Peer 1: 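The following block contains the structure, expressed as structure tokens.
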Amino acid sequence: MKNYQNYKRGYYMPPAQSTDWVNKEYIDKAPIWCSVDLRDGNQALIVPMSLDEKLDFFKELVRIGFKEIEIGFPAASETEYEFCRTLIENDLIPDDVTIQVLTQARPHIIEKTFKAIDGAKNAIVHLYNSTSYAQRTQVFRKSREEILQIAVDGAKLLNKMAEEYGVDYPFEYSPESFTGTEIDFALEVCNAVIKEWNPTPERKVIINLPATVEMSLPHVYASQIEYMSKNLVDRENVILSLHPHNDRGCGVADAELGLLAGADRIEGTLFGNGERTGNVDIITLAMNMFTHGVDPELDFTDIPSLTELYERVTNMHVYERSPYTGKLVFAAFSGSHQDAIAKGMKYREEQGDGMWTVPYLPLNPEDIGRKYDGDVIRINSQSGKGGIGYLLQSKYGFDLPAKFREDLGYTVKDVSDKAHKELSAREVLDIFQSTYVNVSAPVEMLENHFVQGDGISTEITILKHGVRKVYHGKGNGRLDAVSNAIKKHFAIDFKIICYEEHSLQVGSNSQAVAYVGIETPDGKVTWGAGIKNDIIDASVHALVSSVNRTGVL
């Protein structure tokens with residue numbers, strides 16, 4: 001590819017080895033979560049949310065369990081300012097929820113920010129200025145010392161404003177574009193801000209290290225975070241926060257490795273919305289913990305409803321393959337996958353210990369409000385007998401013999417292939433019923449009667465080509481007697497190779513279903529099913545259905 005030589009690695013490694021995070025296996029507790037959907041996410045929308053939409057989203061974030069929510073940049077626009085005031089003046093912020101507001105390190109913006117949050121019970125004032133080499137040299141054209149002074153002056157002004165308003169809100173500082181900042185300089189700036197704010201155990205400082213632009217492999221970011229964590233002053237009174245973006249597609253990995261490296265807090269958005277390729281997806285992070293047996297302390301048990309609200313207020317679309325949340329993330333079209341899932345579900349019912357170990361499904365879809373029949377087993381021309389059989393059994397109660405499932409599988413796949421479409425569960429049921437169940441042509445079973453004596457004798461009444469006839473047969477069982485009557489009077493030969501039956505429904509109105517497979521002398525196997533209120537009737541109609549489907553009558 002041309003022009004690759006025009007790029008270079010723009011990140012900076014820590015001045016000392018920082019790789020203790022490598023020895024940690026997994027994240028063992030939830031971080032402090034801060035949603036930035038209403039600020040970072042909102043500013044990235046083509047059409048930012050209205051006041052009512054932001055209120056709806058805020059309420060949903062509270063319901064999910066966020067205790068820290070960045071609600072906006074109050075000095076940026078009147079809508080942002082009005083939203084902040086609406087929340088406070090209408091007492092819409094629960095006592096256990098802290099709002100967070102963003103401000104640049106500029107005096108008039110800081111002053112308007114404090115005015116916006118006046119009266120808030122719990123608030124975090126988030127101060128930032130850019131520290132990266134590229135921004136210093138190209139945008140601001142300032143030295144390290146000048147950039148450091150901007151941060152310190154901003155920190156001092158926050159102290160002054162807090163004193164004027166008589167509040168003790170906690171403060172947060174972000175060296176914007178941290179990933180493009182020399183690590184020694186980022187540390188110098190952060191430590192200078194911490195010293196100005198003089199944190200205590202009761203009023204800690206948040207130092208937020210954003211991957212404003214993701215520039216490196218995740219392990220580099222983790223090493224940067226570990227170095228900062230080990231060298232920040234007054235570390236015990238500092239909450240180390242991460243704000244990863246997703247420019248390289250590694251936002252989740254950055255966040256997870258950053259937590260292993262010592263971070264305490266994550267700023268991100270639902271579904272990964274945000275500038276350019278987006279922020280880190282908090283849902284993915286939380287559900288990754290969940291599937292490791294760790295409580296993420298956020299409630300994502302109704303992803304479909306959350307998705308609907310998110311798409312409505314943002315006019316964004318959740319990608320079908322987005323982890324955990326996309327419509328197709330649990331979908332199994334492949335026959336082998338469907339078969340493994342079906343067997344895994346059966347094993348879970350028979351021998352499971354309650355732990356979730358179903359093949360191909362890292363998560364029980366029901367835990368996030370999804371359904372097996374519409375979200376997991378999906379039927380098209382690539383599907384197999386296992387999935388189709390599981391669908392009929394789980395949704396409609398049909399437990400077909402294995403070979404019957406295989407035959408049905410070919411029938412269903414052929415329909416899907418020719419129609420070039422996915423088939424719904426109802427369409428699969430229709431194919432099964434119209435092809436195999438109570439098949440009444442060319443012959444229709446009208447009546448059957450049995451007498452037990454030396455074996456079983458039967459009298460069957462059959463309608464063929466509009467002509468009603470009575471036939472007799474004898475055998476060692478009812479189905480054998482009917483089979484012999486059909487063979488004798490229609491001059492055909494076959495043998496029953498499979499017969500199974502079960503109750504289709506539970507209760508006094510239950511129906512019986514029977515499955516019969518017959519083999520003709522040429523080795524061809526044909527399947528039929530019967531559904532009747534009586535199991536004998538069902539078995540006879542299953543036999544007649546299979547005979548009708550041979551094509552020899």
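Predicted, not measured: the structure shown is a model, and the values here were computed from it. Numbering of residues begins at 1 and proceeds along the displayed sequence.
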Peer 1: Using a 3.5 Å distance criterion without hydrogens, assess whether the side chain of Asn246 forms a donor-acceptor pair with backbone atoms of Cys250.
Peer 2: yes
Peer 1: Going through the distances and angles, do Phe66 and Ile282 end up as a side-chain contact (heavy atoms from CB on, under 4.5 Å)?
Peer 2: CA-CA 11 Å; Phe66 283 98; Ile282 285 182; 3.8 Å; yes
Peer 1: Please check: side-chain N/O of Asn273 versus main-chain N/O of Gly41, any donor-acceptor pairing under 3.5 Å?
Peer 2: yes
Peer 1: Test your reading of the model: is there a side-chain donor-acceptor pair from Asn231 to the backbone of Tyr227, 3.5 Å cut-off?
Peer 2: yes
Peer 1: Looking at Ile225, is its backbone amide N or carbonyl O close enough to the side chain of Ser229 to form a donor-acceptor pair, meaning the two atoms are under 3.5 Å apart?
Peer 2: no
Peer 1: Do the non-hydrogen side-chain atoms of Gln100 and Ile71 ever get within less than 4.5 Å of each other?
Peer 2: no
Peer 1: Nearest heavy-atom pair of Val101 and Pro74: which atoms, and what distance?
Peer 2: CG1-CG, 3.6 Å
Peer 1: So Lys121 and Thr98, do their side chains get closer than 4.5 Å, heavy atoms only?
Peer 2: no
Peer 1: Please report the shortest heavy-atom distance between Asn42 and Leu38, naming the atom on each side.
Peer 2: CB-O, 3.4 Å
Peer 1: Take atom OH of Tyr26 as the centre, draw a 6.0 Å sphere, and report whether it contains more than 12 heavy atoms from other residues, nucleotides or ligands.
Peer 2: no
Peer 1: Does this structure show an ion pair linking Glu164 with Lys160, if we count only N-O contacts that are shorter than 4.0 Å?
Peer 2: yes
Peer 1: Ion pair present between Arg39 and Glu70, side-chain N to carboxylate O less than 4.0 angstrom?
Peer 2: yes
Peer 1: Step by step, would you call Asp118 with Arg85 a salt bridge (charged side-chain N to carboxylate O under 4.0 Å, His left out)?
Peer 2: CA-CA 8 Å; Asp118 186 25; Arg85 294 310 308 161; 5.6 Å; no
Peer 1: Do other residues, nucleotides or ligands put more than 12 heavy atoms under 6.0 Å from Lys230 NZ?
Peer 2: yes
Peer 1: Crowded around His317 NE2? As in, over 12 foreign heavy atoms under 6.0 Å?
Peer 2: yes
Peer 1: When rounded to the nearest 0.5 angstrom, what distance separates CE in Met316 from OG1 in Thr269?
Peer 2: 9.0 Å
Peer 1: Which of these passes ring pair (Phe, Tyr, Trp, His ring centres under 6.0 Å) with His337: Tyr390, Phe330, Tyr360?
Peer 2: Tyr360
Peer 1: For side chain to side chain donor-acceptor pair (under 3.5 Å), just list the numbers for His243 and Asp40, CA-CA rounded to whole Å, side-chain angles, deciding distance to a tenth of an Å, and then say yes or no.
Peer 2: CA-CA 10 Å; His243 184 116; Asp40 203 341; 2.8 Å; yes
Peer 1: Answer yes or no: is there a side-chain heavy-atom contact under 4.5 Å between Thr19 and Ser223?
Peer 2: yes
Peer 1: Could you measure the distance from the CZ atom of Phe58 to the OG1 atom of Thr86? Nearest 0.5 Å is fine.
Peer 2: 11.5 Å
Peer 1: Give, for atom NZ of Lys142 and atom CD of Gln135, the distance between the pair rounded to the nearest 0.5 Å.
Peer 2: 13.0 Å
Peer 1: With no hydrogens and no angle check, is any side-chain donor or acceptor of Glu172 less than 3.5 Å from a backbone partner on Leu127?
Peer 2: no
Peer 1: On a heavy-atom basis, which atom in Asn208 and which in Ser241 lie closest, and how many Å separate them?
Peer 2: OD1-OG, 2.7 Å
Peer 1: Please determine whether side-chain contact (heavy atoms from CB on, under 4.5 Å) holds for the pair His292 and Ile27, giving the CA-CA distance in whole Å, both sets of side-chain angles, and the decisive distance to 0.1 Å.
Peer 2: CA-CA 9 Å; His292 279 177; Ile27 300 163; over 6 Å; no
Peer 1: For the side chain of Glu226 and the backbone of Asp20, is there at least one donor-acceptor N/O pair under 3.5 Å apart?
Peer 2: yes
Peer 1: Any donor and acceptor pair, going by atom type alone, linking the side chain of Arg235 with main-chain N or O of Val238 inside 3.5 Å?
Peer 2: yes
Peer 1: Testing the 3.5 Å rule here: is there a donor-acceptor pair between the side chains of Ser174 and His126?
Peer 2: yes
Peer 1: Is a donor from one side chain sitting under 3.5 angstrom from an acceptor on the other, for Tyr324 and Asn288?
Peer 2: yes
Peer 1: Using 30° and 60° as the class limits, which term best fits the ring planes of Trp197 and Phe171: parallel, tilted or perpendicular?
Peer 2: tilted
Peer 1: Looking at CG of Leu61 and OG of Ser35, how far apart are the two atoms once the value is rounded to the nearest 0.5 Å?
Peer 2: 4.0 Å
Peer 1: Is there a side-chain contact between Thr179 and Tyr11, using heavy atoms and a 4.5 Å cut-off?
Peer 2: no
Peer 1: Answer yes or no: are there more than 12 heavy-atom neighbours, outside Glu350 itself, under 6.0 Å from its atom CD?
Peer 2: yes
Peer 1: Which atoms form the tightest heavy-atom contact between Pro244 and Gly251, and what is the distance?
Peer 2: CB-O, 3.9 Å
Peer 1: Using atom types as modelled and distance alone, determine if a side-chain donor or acceptor of Arg203 lies under 3.5 Å from a backbone N or O of Tyr169.
Peer 2: yes
Peer 1: Checking side chain to side chain contact (heavy atoms under 4.5 Å, CB included) between Gln104 and each of Ile150, Ile109, Asn129, which is the one that passes?
Peer 2: Ile109
Peer 1: Tell me if the NZ atom of Lys24 is crowded by more than 12 foreign heavy atoms within 6.0 Å.
Peer 2: yes
Peer 1: Checking His245 against Asp254: is there a side-chain donor and acceptor pair closer than 3.5 Å?
Peer 2: no
Peer 1: Please determine, by modelled atom types, if Thr301 and Asp299 share a side-chain donor-acceptor pair under 3.5 angstrom.
Peer 2: yes
Peer 1: Under a 4.5 Å cut-off applied to non-hydrogen side-chain atoms, are Glu236 and Lys204 in contact?
Peer 2: no
Peer 1: Quick check: closest heavy atoms across Leu148 and Ala192, and the distance to 0.1 Å?
Peer 2: CD1-CB, 3.8 Å
Peer 1: Any carboxylate oxygen within less than 4.0 angstrom of a Lys/Arg side-chain nitrogen, looking at Arg63 and Glu60?
Peer 2: yes
Peer 1: About how many Å separate CG of Leu270 and OG1 of Thr314, when rounded to the nearest 0.5 Å?
Peer 2: 10.0 Å
Peer 1: Are there over 12 heavy-atom neighbours, none belonging to Phe185, within less than 6.0 Å of that residue's CZ?
Peer 2: yes
Peer 1: Less than 4.5 Å apart, any side-chain heavy atom of Val62 and any of Pro94?
Peer 2: yes
Peer 1: Looking only at atom types and distance, does a side-chain atom of Glu146 sit under 3.5 Å from a main-chain N or O of Ser143, one as donor and one as acceptor?
Peer 2: yes
Peer 1: Which heavy atom of Ala211 sits nearest to which heavy atom of Tyr221, and what is that distance?
Peer 2: N-OH, 3.9 Å
Peer 1: Under 3.5 Å, is there a donor-acceptor pair between the side chain of Glu214 and the main chain of Asp247?
Peer 2: yes
Peer 1: Determine, step by step, whether Lys54 and Glu80 satisfy the salt bridge (charged side-chain N to carboxylate O under 4.0 Å, His left out) criterion, reporting the C-alpha distance in whole Å, the side-chain angles of both residues, the deciding distance to 0.1 Å, and the verdict.
Peer 2: CA-CA 10 Å; Lys54 292 189 79 171; Glu80 297 281 280; 2.6 Å; yes
Peer 1: What's the spacing between Leu285 CG and Ile266 CD1 if we round to 0.5 Å?
Peer 2: 6.0 Å
Peer 1: Please determine if Lys29 and Asp295 form a salt bridge, counting it only when a charged side-chain N lies under 4.0 Å from a carboxylate O.
Peer 2: no
Peer 1: Evaluate the side-chain proximity of Met289 to Leu259: yes if any heavy-atom separation is below 4.5 Å, no if none is.
Peer 2: yes
Peer 1: Begin with the C-alpha distance, continue with both residues' side-chain angles, and end with the deciding distance and a verdict on salt bridge (charged side-chain N to carboxylate O under 4.0 Å, His left out) for Glu111 and Arg106.
Peer 2: CA-CA 9 Å; Glu111 289 167 5; Arg106 299 170 65 183; over 6 Å; no
Peer 1: If you count every heavy atom of other residues, nucleotides or ligands that lies below 6.0 Å from Lys115 atom NZ, does the total exceed 12?
Peer 2: no
Peer 1: Can you find a heavy atom in the side chain of Arg265 that is under 4.5 Å from one in the side chain of Leu240?
Peer 2: no
